[in-house]
Amino acid sequence: MLNYVVYERMLFVFPYAPGDYIPNPNYRFMPQGLYYNPYTEPRQVWWQYPQDSGGRYRAMAPQRLTFVLVHGSWADAHFWDGVAAVLRNQGNIVYTPEYAGHGSDPNKNVTHDMITNSVVDYIKHLNLHDFILVGHSFGGTVIQKVAEQIPDRIKRLVFWDAFVLKDGESVVDELPPQTKKGFEQLRAMSNDDTIMLPFDLFPALFVNTATTEDAKLFYTSVAPEPAKPLFEKLDLKAFYALQTPKSYVYFYQDNVMPQGEGYGWNPHMSMRLGLFRLIVGDGDHFTDTRTRPAYLAQKIYDATRD
């Protein structure tokens, strides 16, 4: 016998015999008797889900996690304040390390190794284990190198519009020639080997969904970025040998990197992770950390699912 279900002008045909369940018409195929929920044990059958007094099935409670959030260039640990507050209010544990050459550190003569080691030392000092390591933008290169040193402590890596460099690459190797030339010129103009992001580039590239007034406010937190780590070529052979689960969060209004022609966040960067979970959103590079921290926090949380 065949059972016919019409759903939104689509015809689904399922084999049906007495005693069988009728599959959910939202899905073209669902294993018999099984419903997969990312917040429950795998292979839990639907009739084992908890029910309320009326017999309705209730969603399982969200998993409480530990996050380590790593910021990117022209920012410091306060970049995450709003997102961290939301995640903590939901019962999660959140850490936002500051790394060398940023925040209150006056020394801008730092290397990528120094930046990486400052995050590794922070994690070891707090004896953190089984955490989600999140990297934004340049922070993607940081979590690549951190993961090489302490892979056994990390539950999952999450890259949000972040660089995923190939072995032997630098950040500037992934920039269009005109942008790379601009960085070199700004570096040469500096007296302390830093790159200050000009405001005339900031609204269109970093906060293109923000109002002009908000863009000016956001720009007050922009600080000169140590140049050397952006130009260093990284040995990432150990990273590409790791089996750590990975996710990529891509906001499709992020205009920092041009999409296509061998550039961009997704799929150009993300596909280098091999097997990974992809979560997408409609924000830009900076704005949502201030204006919609709950939205961004949810996207990051969604990326943690196994």
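Since this is a predicted model, take the numbers as computed values, not measurements.
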Ignoring hydrogens and geometry, is there a side-chain-to-backbone donor-acceptor pair from [X] to [Y] under 3.5 Å?
X: Arg272; Y: Val164; result: yes
X: Trp74; Y: Ile195; result: yes
X: Thr291; Y: Thr287; result: yes
X: Arg88; Y: Ile93; result: no
X: Tyr219; Y: Leu197; result: yes
X: Lys299; Y: Gly281; result: no
X: Asp214; Y: Ala210; result: no
X: Tyr95; Y: Ile123; result: no
X: Tyr248; Y: Ala303; result: no
X: Arg277; Y: Arg305; result: yes

Heavy-atom distance under 4.5 Å between the side chains of [X] and [Y], does that happen here?
X: Val249; Y: Asp161; value: no
X: Arg290; Y: Phe79; value: no
X: Val142; Y: His71; value: no
X: Leu278; Y: Ser247; value: no

Closer than 4.0 angstrom, basic N to acidic O: yes or no for Lys155 and Asp306?
yes
Ion pair present between Arg292 and Asp282, side-chain N to carboxylate O less than 4.0 angstrom?
yes
Can you measure from [atom1] ([X]) to [atom2] ([Y]) and round to the nearest 0.5 angstrom?
X: Thr304; Y: Leu65; atom1: OG1; atom2: CG; result: 5.0 Å
X: Gln298; Y: Ile279; atom1: CD; atom2: CD1; result: 9.5 Å
X: Asp105; Y: Asp76; atom1: CG; atom2: CG; result: 11.5 Å
X: Met257; Y: Glu174; atom1: CE; atom2: CD; result: 6.0 Å
X: Leu157; Y: Leu273; atom1: CG; atom2: CG; result: 8.5 Å
X: Leu236; Y: Lys145; atom1: CG; atom2: NZ; result: 5.5 Å

If you look at every heavy atom in [X] and [Y], which pair is closest and at what distance?
X: Thr96; Y: Ala84; value: CG2-CB, 4.3 Å
X: Pro226; Y: Gly101; value: CG-O, 3.5 Å
X: Ala215; Y: Val207; value: CB-CG2, 3.8 Å
X: Thr116; Y: Gln149; value: CG2-NE2, 3.6 Å
X: Gln253; Y: Asp284; value: O-CB, 3.5 Å
X: Lys246; Y: Leu242; value: NZ-O, 3.6 Å

Is the distance between the ring centroids of [X] and [Y] less than 6.0 Å?
X: Phe159; Y: His136; result: no
X: Phe218; Y: Phe286; result: no
X: Trp265; Y: Phe163; result: yes

Apply side-chain contact (heavy atoms from CB on, under 4.5 Å) to residues Thr66 and Ile132 and explain how you reach the verdict.
CA-CA 6 Å; Thr66 299; Ile132 308 297; over 6 Å; no
Start with the C-alpha distance between Thr289 and Leu296, add both sets of side-chain angles, then the distance that settles side-chain contact (heavy atoms from CB on, under 4.5 Å), and finish with yes or no.
CA-CA 7 Å; Thr289 60; Leu296 174 55; 3.6 Å; yes
Using side chain to side chain donor-acceptor pair (under 3.5 Å) as the criterion, list what pairs up with [X], not counting sequence neighbours.
X: Lys108; result: none
X: Gln144; result: none
X: Asn255; result: none

My understanding is that only residues two or more places apart in sequence, or in another chain, count here; which of them pass side chain to side chain contact (heavy atoms under 4.5 Å, CB included) with [X]?
X: Ser118; result: Tyr99, Ala100
X: Lys216; result: Phe199, Thr212
X: Ala297; result: Val83, Val86, Leu87
X: Ser170; result: Val172, Asp173, Lys233

Step by step, would you call Val146 with Leu133 a side-chain contact (heavy atoms from CB on, under 4.5 Å)?
CA-CA 9 Å; Val146 169; Leu133 183 60; 3.8 Å; yes
Residue pairs fulfilling side chain to side chain donor-acceptor pair (under 3.5 Å) with at least one residue in residues 191-206, sequence neighbours excluded:
Arg187-Asp193, Ser190-Asp192, Ser190-Thr194, Asp192-Thr194
For atom NE2 of His129, is the number of surrounding heavy atoms from other residues, nucleotides or ligands below 6.0 Å larger than 12?
yes
If you count every heavy atom of other residues, nucleotides or ligands that lies below 6.0 Å from Met271 atom CE, does the total exceed 12?
no
Which residues pass the ring pair (Phe, Tyr, Trp, His ring centres under 6.0 Å) test with [X], sequence neighbours left out?
X: Phe239; answer: none
X: Phe138; answer: His112
X: Phe67; answer: none

Between [X] and [Y], do the side chains contain an N or O donor and an N or O acceptor separated by less than 3.5 Å?
X: Arg156; Y: Thr244; value: no
X: His78; Y: Glu98; value: no
X: Gln259; Y: Asn266; value: no

Quick check on the hydrophobic clustering: are Val158 and Tyr240 connected, directly or via other members, by side-chain heavy-atom contacts under 4.5 Å?
yes
Linked, directly or transitively: Leu217 and Leu201 (ILVMFWY side chains, under 4.5 Å)
no
Among all residues two or more places apart in sequence or in another chain, which pass the salt bridge (Lys or Arg N to Asp or Glu O under 4.0 Å) test with Asp254?
none
Residues Val222, Phe206; criterion side-chain contact (heavy atoms from CB on, under 4.5 Å); working and verdict:
CA-CA 11 Å; Val222 172; Phe206 287 79; over 6 Å; no
